[in-house]
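Notes follow once the structure below has been shown.
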Amino acid sequence: MIKKFLLAPGPTPVPPEALTAMAMPIIHHRSPEFMPILEEAKNNLKWLFQTKNDVLILASTGTGGMVGSVTNFLSPGDKALVIRGGKFGERWSEICEAYGVVPINIDVEWGYAVKPELVEKALKKDPSIKAVLMQASETSTAVAHDTEAIAKIVKKCKNTILVVDAITAMGVFDLPVDKWGVDVCITGSQKAMMLPPGLAFVSVSDKAWKMAETSKCSKFYFNFPKERKNLEKNQTNFTTATSLVVGLNTVLRMMKAEGLENIYKRHIRLATATKAAAKALGLKLYAKQNPSLALTAIQLPEGIDGGALTKLLRDKYGVTVAGGQAQLKGKIIRIAHLGYFDTFDIVVGIAAVEMGLKEMGYEKIKLGKGVAAAQEILMNM
Ligand SMILES: Cc1ncc(COP(=O)(O)O)c(C=O)c1O
């Protein structure tokens with residue numbers, strides 16, 4: 001028997017409270033029994049997003065939320081400024097291209113955060129840009145972009161909306177949608193929301209709803225105005241992913257009981273411990289700037305293949321961490337600490353990395369050194 005530990009940045013572990021809630025018999029989505037359940041979810045999502053805006057609940061992964069956030073507000077030929085500092089930034093451009101929206105890319109060196117001045121300059125140069133598309137936390141590089149600073153810039157542009165992929169940010173660190181003025185904010189169920197994959201959540205501001213009135217991109221499944229109308233009746237446009245919404249209420253109640261401040265503090269503590277452990281082991285963080293609190297990307301030493309390391313950890317020790325994507329394939333490992341994570345998830349993750357590296361012949365590893373560094377922080381922070 002190998003006991004399994006899921007330490008990847010999504011899907012993440014689901015608390016037993018939510019697993020058991022989702023195992024209850026299926027309820028019909030148009031029944032009077034289900035409507036209060038959706039109403040509770042709707043209201044608690046507003047709490048989490050710190051918004052008065054509608055937060056749509058879609059049966060899809062996070063990418064569905066991203067697709068809908070392009071097709072519902074923009075039209076073919078419209079320009080969108082895309083912050084491209086990793087795999088998920090690239091996804092914004094790909095989605096734009098798929099629907100005839102013209103991406104104007106700000107290419108950011110991987111491992112770095114975008115300079116907000118570049119966004120300001122681009123918007124000044126071309127005021128016809130309709131949207132700025134960005135990641136609050138770019139999971140492929142483990143870098144957080146400065147959403148607040150960018151929101152301040154976009155707010156000044158009357159005809160431009162800010163669309164934030166907060167898929168590994170919402171519920172990890174403070175992202176007050178209304179206070180900062182984020183027009184469209186997206187997250188997914190399988191990250192800090194502590195649920196299985198299958199739901200996307202999208203908040204939409206009045207400014208963005210106004211743009212939706214003139215949007216001409218093709219849309220059918222992700223029709224936000226229709227979703228909004230249904231949400232008013234505590235329903236969704238198509239069949240609701242009922243069991244996931246039941247689980248959603250459980251996790252949102254857990255999050256409310258913990259409180260936003262405590263949730264953010266927990267993520268800071270776990271991220272700090274993980275990063276300190278990597279440094280104590282003499283390993284470099286991949287993020288050169290603004291490391292995300294959702295996960296830690298560790299650069300691997302010369303001669304250590306990340307693919308082989310993640311495979312070893314998974315197959316021999318039951319520990320799933322993520323490898324690198326695209327140009328980072330084989331070069332980094334990514335240890336998550338978002339959602340249903342606590343003290344000993346970090347201890348397990350670091351201990352596994354130490355053992356894996358030692359087993360792969362990396363001689364500089366001293367077993368326990370990273371764990372000790374993490375423990376110091378976990379005990380004192
Ligand atoms: C920042 C970010 N954006 C988008 C996605 C895509 O989400 P999904 O796989 O749920 O479609 C992910 C998934 O890891 C992500 O981390």
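Computed from a predicted model, the values in this text were never measured in an experiment. Along the sequence shown, residues carry numbers from 1. Whatever order the structure lists them in is the order used to number ligands and atoms, beginning at 1.
- At a 4.0 Å heavy-atom cut-off, ligand 1 does not touch Pro197 at all.
- Which parts of ligand 1 touch Thr63 is read off a 4.0 Å heavy-atom cut-off, strictly below it: atoms 6 (C), 7 (O), 8 (P), 11 (O).
- Classification of Glu359 and Lys316 as a salt-bridged pair holds, one side-chain N sitting under 4.0 Å from a carboxylate O.
- The ligand atoms of ligand 1 that sit less than 4.0 angstrom from a heavy atom of Gln190 are 8 (P), 9 (O), 10 (O).
- The 12-atom threshold is exceeded at CE of Met381, counting heavy atoms of other residues, nucleotides or ligands nearer than 6.0 Å.
- For Lys288, the side-chain contact (heavy atoms from CB on, under 4.5 Å) criterion is met by Tyr112, Tyr286, Gln299, not counting sequence neighbours.
- For Thr61, heavy-atom contacts with ligand 1 shorter than 4.0 Å involve the backbone as well as the side chain.
- Close approach of ligand 1 to Thr168 (heavy-atom distance below 4.0 Å) involves ligand atoms 16 (O).
- Ligand 1 has no nitrogen or oxygen under 3.5 angstrom from a nitrogen or oxygen of Gly64.
- Between Lys358 and Glu363 there is no salt bridge, since none of the side-chain N atoms of the basic residue sits less than 4.0 Å from a carboxylate O of the acidic one.
- In Met66, the part holding a heavy atom less than 4.0 Å from any atom of ligand 1 is the side chain.
- Ligand 1 lies within reach of Ser137, whose nearest heavy atom is under 4.0 Å from it.
- Using a 4.0 Å cut-off between charged side-chain N and carboxylate O, Lys87 and Glu138 make no salt bridge.
- The main-chain N or O of Met134 is found under 3.5 Å from a side-chain atom of Trp92 such that the two form a donor-acceptor pair.
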